[in-house]
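Naming convention: chains lettered A, B, ... in sequence-line order (proteins, then strands); numbering from 1 in each chain.
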Protein chains: 2
Amino acid sequence: MLILNAARDVFIEKGLDGARMQEIANRANINKALLHYYFTSKENLFDEIFSEAFSQFSPQLKSELLNLTSAQEFIRLFIKLYIGMLLKRPYLPIFVLNELQRNPVRIESLLRQSGVEPEMIVEMIRLEMDQGTMIQMDPREVIINIMSLCIFPFASRPMMQRVFWQNNTEAFDAFLAKRVDSVYGFVSRALFVEKK
Amino acid sequence: MLILNAARDVFIEKGLDGARMQEIANRANINKALLHYYFTSKENLFDEIFSEAFSQFSPQLKSELLNLTSAQEFIRLFIKLYIGMLLKRPYLPIFVLNELQRNPVRIESLLRQSGVEPEMIVEMIRLEMDQGTMIQMDPREVIINIMSLCIFPFASRPMMQRVFWQNNTEAFDAFLAKRVDSVYGFVSRALFVEKK
DNA sequence: GTCTATAAAAGGATAGAC
DNA sequence: GTCTATCCTTTTATAGAC
């Protein structure tokens, strides 16, 4: 829908507080009154946009991932899929993380409806550790470390691209794309006892 | 200064757009007019707060760090100092990263005055790679991976604490504190060919 | 320096014609 | 459904007394 696209663009660019209903209306080529006719309030419109953004940001356990048996293969494919998603939606991390920090109450309902279920992955990692093929550590830390390596480069792009790539956008895009492979290499050296 | 403390609290909590001059004045126990008397405009006050926040967020190369010769010892101490700093200022990452993304123009002047000089660290890492004690990879990626592991858990706290620690604040604090050591372990397994 | 009062503008939201 | 016009509150910023 055209209005939702305009709203998404503006909210992601400016945040909830910085966004203006007028600007959303302008970009959608309608006027403010019609915007309120459809969505009643700014908060309401934002909630629609944010819950969509949050569900995209939350790792999706697609069937391709669930069919894998070893944590090693799971991690490899997860990194590939998740960074691949972020390459298409590079502004998601800051938007979602920022709004969650400003208003943590939102999380409750969002988590309930998006059905994030970390127990299965934690169990898969624990199994691999028991088999001795993976370093012993808190499985939750394994997950957070992997997500850190996937997400942070997108969230810190304005700073990192400027400091390390002389603000060259193409070069930084290439760096991000290569991470689909290099993050797995980094993680597997840190985690797996035997290399295949 | 009392006013600056109040301003810092409100800006970090609400962001530039969400902050209200009235609230800053209230928390400082003065009134709005006096706030404008001292700082002229909200933008101006924000700039003072943000440049201070940015310089704290930017890794400081203190003498303790510069005296170290091996990248291994440098990385160990860097992680300890940087996570230690974040434990005292856990809201810095989201605040700085978010405002940088909303207004990337700010970076230029801030970087110039804060004198961030990554070349030396890049060279130190390169040297270690040439000696064969460190895996061959882009030194900039080494730095970004380490910073990812240090910073992201703070930025994603509202989500991660809720999902993996049943929103138990003390438990998550303990997890963060332990990372001073565990991040180094993770990184060194991923980077160093020989373990000491 | 510090206050009260107020200007001036912005922005969310609604009324009502078509 | 869509528009113009308008209301009303919020918010930044300033004027001017003390």
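In this structure, A/Asn31 does not reach the D/dT2 phosphate: none of its side-chain N or O atoms is under 4.0 Å from OP1 or OP2.
Taking A/Glu23 as the reference, A/Lys14, A/Arg27 meet the side chain to side chain donor-acceptor pair (under 3.5 Å) condition, with sequence neighbours excluded.
Between the C1' atom of D/dT4 and the CD1 atom of A/Ile30 lies a distance of 15 Å, rounded to the nearest Å. For the pair B/Asn26 CG and D/dT11 C1', the computed distance is 13 Å after rounding to whole Å. A/Leu35 places its CG atom 15 Å from the P atom of D/dG1, with the value rounded to the nearest Å. Separating the NZ atom of B/Lys14 from the C1' atom of D/dT11 is a distance of 14 Å, rounded to the nearest angstrom. Between the CZ atom of A/Phe39 and the P atom of D/dG1 there is a distance of 12 Å, rounded to whole Å. Rounded to an integer number of Å, the gap from OH of A/Tyr38 to P of C/dT14 is 17 Å.
A donor-acceptor contact under 3.5 angstrom links the side chains of A/Glu141 and B/Ser182, judged on distance only.
Aromatic rings of B/Phe57 and B/Phe54 (six-membered ring for Trp) have centroids beyond the 6.0 Å cut-off, not under it. Under the 6.0 Å cut-off for aromatic ring centres, A/Phe95 and A/Tyr91 do not qualify, their centroids lying 6.0 Å or more apart. Between B/Phe50 and B/Phe11, the distance from one ring center to the other does not fall under 6.0 angstrom.
Within residues 98-105 of chain A, no residue is approached by DNA chain C to less than 4.0 Å at the level of any non-hydrogen atom.
Under the 4.5 Å side-chain contact rule for hydrophobic residues, A/Met137 and A/Tyr184 share a cluster. Following chains of ILVMFWY side-chain contacts shorter than 4.5 Å, one can reach A/Val10 starting from A/Met1, so the two form part of one hydrophobic cluster.
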Where protein sits on nucleotides 12-18 of chain D, one letter per nucleotide: B base, S sugar-phosphate only, - none, heavy atoms under 4.0 Å: BBBB---

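A/Gln161 places no side-chain N or O within donor-acceptor distance of the main-chain N or O of A/Phe172, the cut-off being under 3.5 Å.
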